[in-house]
There are 2 protein chains.
Amino acid sequence: MFLSKTCAYAVRSLLLVGQHRLEEENGKIGLRTISERLEIPTHFLGKILQTLTKHGLLSSAKGVSGGFYMTDEQLRNPLMTVVKLIDGSDVFEKCGIGLATCSEQRPCPVHYAFKPLREKMLKTFESETIESMVKSLNSGDTFLVV
Amino acid sequence: MFLSKTCAYAVRSLLLVGQHRLEEENGKIGLRTISERLEIPTHFLGKILQTLTKHGLLSSAKGVSGGFYMTDEQLRNPLMTVVKLIDGSDVFEKCGIGLATCSEQRPCPVHYAFKPLREKMLKTFESETIESMVKSLNSGDTFLVV
DNA sequence: CCAATAAAAGACAAGAAGGTCTTTTATTCA
DNA sequence: TGAATAAAAGACCTTCTTGTCTTTTATTGG
Ligand code: FES
Ligand code: FES
């Protein structure tokens with residue numbers, strides 16, 4: 001896959017939490033619920049959400065009636081923030097056939113095909129936000145589960 | 001990276017062998033030489049070239065004055081053949097955020113951004129051949145080592 | 001204030017990707 | 001023909017990703 005499994009899990013979870021927020025004002029959603037709805041291993045997902053929370057992409061509350069939730073600001077995070085945090089930005093920067101550096105000065109044979117697509121992808125990831133994607137989910141244009 | 005390390009090694013090796021062929025009529029190039037020029041671990045590369053040879057993307061000769069070489073037909077193989085063999089075609093087919101299936105019927109929130117780019121990449125990989133890339137290398141437009 | 005709850009944290013294990021080392025097999029040419 | 005050569009093959013090893021299980025910490029509502 002283009003994104004690591006971990007990163008895909010993270011994105012889907014943020015989308016679900018974001019979606020939940022609009023459904024139920026101030027509603028929190030628990031780890032167990034997320035992992036069941038998205039069919040992601042519970043404890044593994046726990047770590048991922050921990051990371052997201054620690055880096056401010058997600059909010060959490062411990063204890064009774066606790067769970068995960070998102071603020072308005074967090075909803076406005078671009079997809080890129082998540083990908084950069086989990087997978088880094090190598091995939092957007094490194095040479096497609098693994099040369100030490102990707103440069104216009106010494107482009108590799110796939111450079112001119114690769115770079116524009118990589119950059120288009122980057123742009124998309126920067127302009128799409130959790131919020132914009134949640135909207136397309138809520139309007140029924142797109143889906144989060146099969 | 002978009003391609004696995006193994007796959008990138010494979011592509012670069014094929015390019016080097018292809019390039020060598022045009023330089024020196026009927027010339028074979030040894031594993032050691034390839035691994036040194038491209039800075040790829042020798043024994044690891046050995047396995048990769050074995051795979052390429054077994055599947056007809058590369059030719060080899062054992063013994064004294066043996067080595068790896070490519071036929072005209074092999075030079076005309078598209079990049080896609082290599083990628084499919086080593087990495088498979090998941091990256092061109094699977095959903096970007098890991099849904100079980102990628103479909104127009106139930107597209108995920110990144111589907112409309114992802115799919116066209118994936119397909120453009122696919123098209124490029126199908127139209128670029130070892131030969132076409134070797135040509136761009138030989139004309140000095142592109143480079144294989146930093 | 002305390003029992004239930006839920007996230008945080010940490011130890012550990014399986015699997016895959018990447019890498020190393022040694023032995024075997026086929027080939028050539030002196 | 002046999003010693004040198006080079007790929008093929010196979011046994012391991014290391015690291016990273018993914019996944020499991022247990023313990024700790026913080027919160028809250030009765
Ligand atoms: S140099 Fe290879 S992609 Fe730019
Ligand atoms: S459904 Fe996700 S990329 Fe097509």
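The sequence lines fix the lettering, A, B, ..., with proteins before strands; numbering per chain opens at 1. The structure displayed is predicted, hence computed values, not measured ones.
- Taking only side-chain nitrogens and oxygens, A:Lys5 comes nearer than 4.0 Å to OP1 or OP2 of D:dG19.
- One can place CD of A:Glu39 at 18 Å from P of D:dT18, the figure rounded to the nearest angstrom.
- By the neighbour-count criterion of 12 heavy atoms within 6.0 Å, atom CD of B:Glu104 is densely surrounded, having more than that number from other residues, nucleotides or ligands.
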Full working for side chain to side chain donor-acceptor pair (under 3.5 Å) between A:Ser132 and A:Glu128
CA-CA 6 Å; A:Ser132 68; A:Glu128 287 280 351; 2.9 Å; yes
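- Whole-Å rounding puts the A:Leu3 CG to D:dT18 C1' distance at 16 Å.
- Atom CZ in B:Phe68 sits roughly 18 Å away from atom P in D:dT5 (whole-Å rounding).
- As a whole-Å value, the separation of A:Ile48 CD1 from D:dG19 P is 8 Å.
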Decide side-chain contact (heavy atoms from CB on, under 4.5 Å) for B:Ile29 and B:Ile34; before the verdict, give the C-alpha distance in whole Å, the side-chain angles of both, and the deciding distance to 0.1 Å.
CA-CA 7 Å; B:Ile29 181 169; B:Ile34 302 175; 3.9 Å; yes
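- Remark: B:Glu39 CD is loosely packed, at most 12 non-hydrogen atoms of other residues, nucleotides or ligands lying under 6.0 Å away.
- Residue B:Ser60 places at least one side-chain N or O under 4.0 Å from the OP1 or OP2 atom of D:dA8.
- Taking atom CG of residue A:Leu49 and atom P of nucleotide D:dG19, one finds them 14 Å apart after rounding to whole Å.
- Of all nucleotides listed (D:dG29, D:dA4, D:dT18), D:dA4 comes nearest to the side chain of B:Val64.
- Listed candidates were C:dA8, D:dT18, C:dT20. Nearest to the side chain of A:Gln50 is C:dA8.
- Along DNA chain D, the nucleotide closest to A:Thr42 and the one closest to B:Ala61 are compared, and the more 5′ of them pairs with B:Ala61.
- Along DNA chain D, the nucleotide nearest to A:Leu45 and the one nearest to B:Thr53 differ in position, and the one closer to the 5' end is contacted by B:Thr53.
- Among the nucleotides D:dG29, C:dT20, D:dG19, the one closest to any side-chain atom of A:Ser65 is D:dG29.
- Put simply, B:Tyr9 has a side-chain N or O that comes within less than 4.0 Å of OP1 or OP2 on C:dG19.
- Atom CD1 of B:Ile40 is separated from atom P of C:dG19 by 10 Å (rounded to the nearest Å).
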Taking it one step at a time, do B:Val110 and A:Phe2 satisfy side-chain contact (heavy atoms from CB on, under 4.5 Å)?
CA-CA 12 Å; B:Val110 305; A:Phe2 182 75; over 6 Å; no
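- Closest to the side chain of B:Thr6, from the set C:dG18, D:dT25, D:dT18, is C:dG18.
- The side chain of A:His43 lies closest to D:dT22 when the candidates are C:dT20, D:dT22, D:dT28.
- Summarising the geometry, the separation between CG on A:Leu58 and C1' on C:dA6 is reported as 14 Å, rounded to the nearest angstrom.
- If you check D:dT20, D:dA8, C:dA7 against the side chain of A:Pro41, the one that comes closest is D:dT20.
- The B:Lys47 side chain lies nearest to C:dT20 when the options are D:dT20, D:dA7, C:dT20.
- Atom CG in B:Leu52 sits about 14 Å away from atom P in D:dA9, given to the nearest Å.
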